[in-house]
Amino acid sequence: MTTFSYQQSAAMLNRSKKVLAGGVSSEFRRYNHPHALFYTHGQGSRIYDVDGNEYLDFTLSQGPLILGHSHPEVLKAVAEYSQQGQIFAGQHIRELELAETLQALIPSGELMRFCLDGSEAVQTAFRVARAKTGRPKFLRFEGHYHGWMDNVCWGISAPSAEALGSSAQPEVFPWSAGLSARSREDFIILPWNDLPLLADTLSRRYQEIAAVITEPVMCNSSCILPGPGYLEGLRDLCSRYGIALIFDEVITGFRLALGGAQQYFGISPDISVFGKAMGSGYPISVVSGKREWMELIEHSEVIHAGTMNSCNPTVAAALATICELQRSQPYERLFRYGQELMTCLRNAARKTGQNLLVQGPGPMFNTGFTTLPAIRNYRDTFSYDKAKLNRFIAGMHDQGIRIIGRGLWYISAAHGQSDISRAVTAAEYVLSTLDD
Ligand SMILES: Cc1ncc(COP(=O)(O)O)c(C=O)c1O
């Protein structure tokens with residue numbers, strides 16, 4: 001098997017550490033194998049580093065590259081539209097066309113505003129919900145990721161499952177130093193997928209709660225699907241108590257279906273947030289929702305602003321991405337390839353006697369080593385053998401297969417049958433080399 005060298009990246013990382021804090025521009029980029037790497041280019045399902053290594057890419061750059069790297073239609077649209085200008089501090093035709101396209105696709109998307117990334121769009125949704133309800137808090141769930149701003153930078157890391165304490169009143173830990181202490185007062189946190197617990201909490205505390213925010217699939221902790229009736233129950237409870245139901249579709253958007261998880265599951269949130277796959281790697285996101293909520297922005301009661309919002313290249317990229325998704329309809333294939341890969345990984349684990357758990361809907365799924373038959377919530381994720389996962393990810397990487405460090409895989413429209421077979425062959429080999 002090939003031996004990969006990372007010498008050029010190592011040298012550049014040393015240089016980079018003198019100018020970029022930690023050598024990188026986002027915390028998540030530190031955690032590559034064997035260290036942060038430098039890439040030269042990406043094409044289709046492949047990405048290449050400065051040492052000349054080629055990887056079959058299942059990270060899709062943390063999700064955005066649903067069409068694969070360097071899709072020609074996206075590049076063409078960006079180049080052509082940028083010729084007309086970059087940003088106008090005013091409206092432009094493609095922005096209008098993008099909004100009209102999204103309005104037709106997103107079931108609850110009556111009115112919207114464009115932002116630059118998921119984190120910003122989430123905060124905009126909270127502001128709308130607080131303004132309309134006059135209530136101060138949002139309710140969120142353990143292990144769900146909604147960006148890195150202060151009030152959501154909690155509840156995604158903990159020393160152990162035991163440290164989380166009782167489900168009814170969980171302990172919560174900051175992910176970062178320097179968070180405003182008041183940001184802890186912004187939210188109530190609960191374990192996910194437990195409807196009776198949620199119903200009980202809302203019945204007692206709804207007068208404090210402006211919004212409930214959820215990833216419709218808990219992609220950021222093990223790709224957990226909602227239990228039967230959970231999203232329906234959530235919808236009913238939010239309607240009963242006048243609470244905004246916010247779907248964070250930053251991962252599920254344009255990935256489970258063109259209209260996101262809300263189309264896939266047939267549940268209509270009040271407000272939803274899309275990012276990542278929407279722009280094929282260009283910084284654009286959208287906060288979209290029902291008119292009765294979004295009209296607060298319409299009437300300037302809630303302020304949403306941003307110098308760089310909906311600038312030409314990002315809008316052109318998003319429009320080209322969505323048109324290409326509409327034209328090529330890759331969804332059946334994303335599910336089929338994803339589920340085939342999941343089945344083959346399970347078979348490989350069985351053959352090699354490894355306790356690899358593979359779960360998720362298919363277009364994205366998670367791998368981890370545990371003795372549990374399923375991971376049902378964030379607390380269960382503490383059963384994972386992280387050291388073994390790291391060895392698996394490193395082994396796959398040295399075979400030219402790039403997977404997100406926490407075990408998450410994304411399928412793109414650029415992946416083909418031979419890519420799936422190649423990943424399976426590599427996994428069979430790596431699993432056969434892993435000790436406990
Ligand atoms: C579900 C979810 N919401 C929000 C965010 C934040 O988005 P961004 O990194 O674009 O700010 C992420 C990022 O990974 C995410 O996965």
Side-chain angles (χ1 to χ4, degrees), residues 24-31 58-66 106 113-127 129 138-157 175-176 186-187 189 192 211-226 231 245-256 260-262 264-265 269 271-289 304 306 308-311 314 317-318 321 360-361 363-366 378 381 403-410:
V24 297
S25 291
S26 167
E27 183 62 16
F28 293 107
R29 295 183 192 165
R30 284 173 184 264
Y31 310 113
F58 290 99
T59 74
L60 305 188
S61 215
Q62 301 280 356
L65 300 172
I66 192 151
I106 300 170
R113 278 283 176 95
F114 294 116
C115 313
L116 291 180
D117 63 20
S119 297
E120 262 185 46
V122 163
Q123 296 300 323
T124 310
F126 290 156
R127 190 179 282 184
F138 59 90
L139 189 146
R140 55 162 304 195
F141 300 101
E142 288 175 345
H144 287 221
Y145 183 72
H146 303 296
W148 62 283
M149 300 299 135
D150 278 20
N151 59 7
V152 288
C153 206
W154 303 78
I156 43 179
S157 67
W175 184 37
S176 170
D186 274 9
F187 66 92
I189 195 160
W192 197 57
V212 173
I213 185 165
T214 185
E215 291 186 62
V217 177
M218 190 169 160
C219 300
N220 278 298
S221 296
S222 222
C223 251
I224 304 169
L225 285 159
L231 293 180
L245 175 58
I246 303 175
F247 270 13
D248 181 342
E249 299 239 35
V250 168
I251 292 182
T252 51
F254 309 102
R255 171 151 289 281
L256 288 182
Q262 54 198 273
Y264 182 72
F265 292 114
I271 309 174
S272 45
V273 166
F274 294 78
K276 292 198 192 259
M278 175 178 170
S280 278
Y282 288 82
I284 185 163
S285 63
V286 67
V287 52
S288 116
H304 163 262
M308 307 297 283
N309 292 350
S310 63
C311 59
T314 66
T321 302
M364 66 285 199
F365 64 87
N366 194 81
Y378 178 58
T381 64
I403 307 160
I404 294 175
R406 60 184 188 281
L408 185 62
W409 301 54
Y410 285 113

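Order of appearance sets the numbers: ligands from 1, and atoms from 1 within every ligand.
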Which one holds for Asn220 and ligand 1: side chain close, backbone close, both close, or neither close, with close meaning a heavy atom under 4.0 Å?
-> side chain
Side-chain donor-acceptor contact under 3.5 Å, Arg406 with Asn366 | no
Close approach, Lys276 and ligand 1, non-hydrogen under 4.0 angstrom = yes
Does ligand 1 have an atom that lies less than 4.0 angstrom from a heavy atom of Gln62?
-> no
Proximal atoms of ligand 1 relative to Gly147 (non-hydrogen, under 4.0 Å) = 4 (C), 5 (C), 6 (C)
Looking at Asp117, which atoms of ligand 1 are within less than 4.0 Å of one of its heavy atoms?
-> 10 (O), 11 (O)
Any nitrogen or oxygen of Gly118, main chain or side chain, under 3.5 Å from a nitrogen or oxygen of ligand 1?
-> yes
Exactly one of Val287, Val286, Thr314 clears side-chain contact (heavy atoms from CB on, under 4.5 Å) with Phe114, and that residue is Val286
Between Trp175 and Phe28, does the ring centre distance come in under 6.0 Å?
-> yes
For atom 3 (N) of ligand 1, the protein heavy atom that lies nearest, with its residue and separation = Asp248 OD2, 2.6 Å
Contact (N/O only, under 3.5 Å) between Trp148 and ligand 1 = no
Side chain, backbone, both or neither: which part of His146 comes within less than 4.0 Å of ligand 1 when only heavy atoms are counted?
-> backbone
Name the option, out of Ser26, Gly253, Cys115, Ser119, that contains the heavy atom nearest to atom 9 (O) of ligand 1.
-> Ser119
Give yes or no for whether the N/O distance cutoff of 3.5 Å, strictly under, is met between Glu215 and ligand 1.
-> no
Looking only at protein heavy atoms, which one is nearest to atom 1 (C) of ligand 1, and how far off is it?
-> Tyr145 O, 3.2 Å
Fit a plane to each ring of Trp192 and Phe141, take the angle between them on a 0 to 90° scale, and name the class: parallel (under 30°), tilted (30 to 60°) or perpendicular (over 60°).
-> perpendicular
Can you tell me how far CD1 of Ile156 sits from CH2 of Trp148, rounded to the nearest 0.5 angstrom?
-> 12.0 Å
Numbering the atoms of ligand 1 from 1, which are under 4.0 Å from a heavy atom of Ile251?
-> 16 (O)
Give a yes or no answer on whether the side chain of Gln262 reaches the backbone of Ile106 with a donor-acceptor pair at less than 3.5 Å.
-> no
Where is the tightest heavy-atom contact between Ala261 and Glu249, given as atom of each residue plus distance?
-> N-OE1, 2.6 Å
Do Thr252 and Tyr264 come within less than 4.5 Å of each other through their side chains, counting heavy atoms only?
-> no
Closest non-hydrogen atom pair between Ser119 and Gly147, with its separation = OG-CA, 3.3 Å
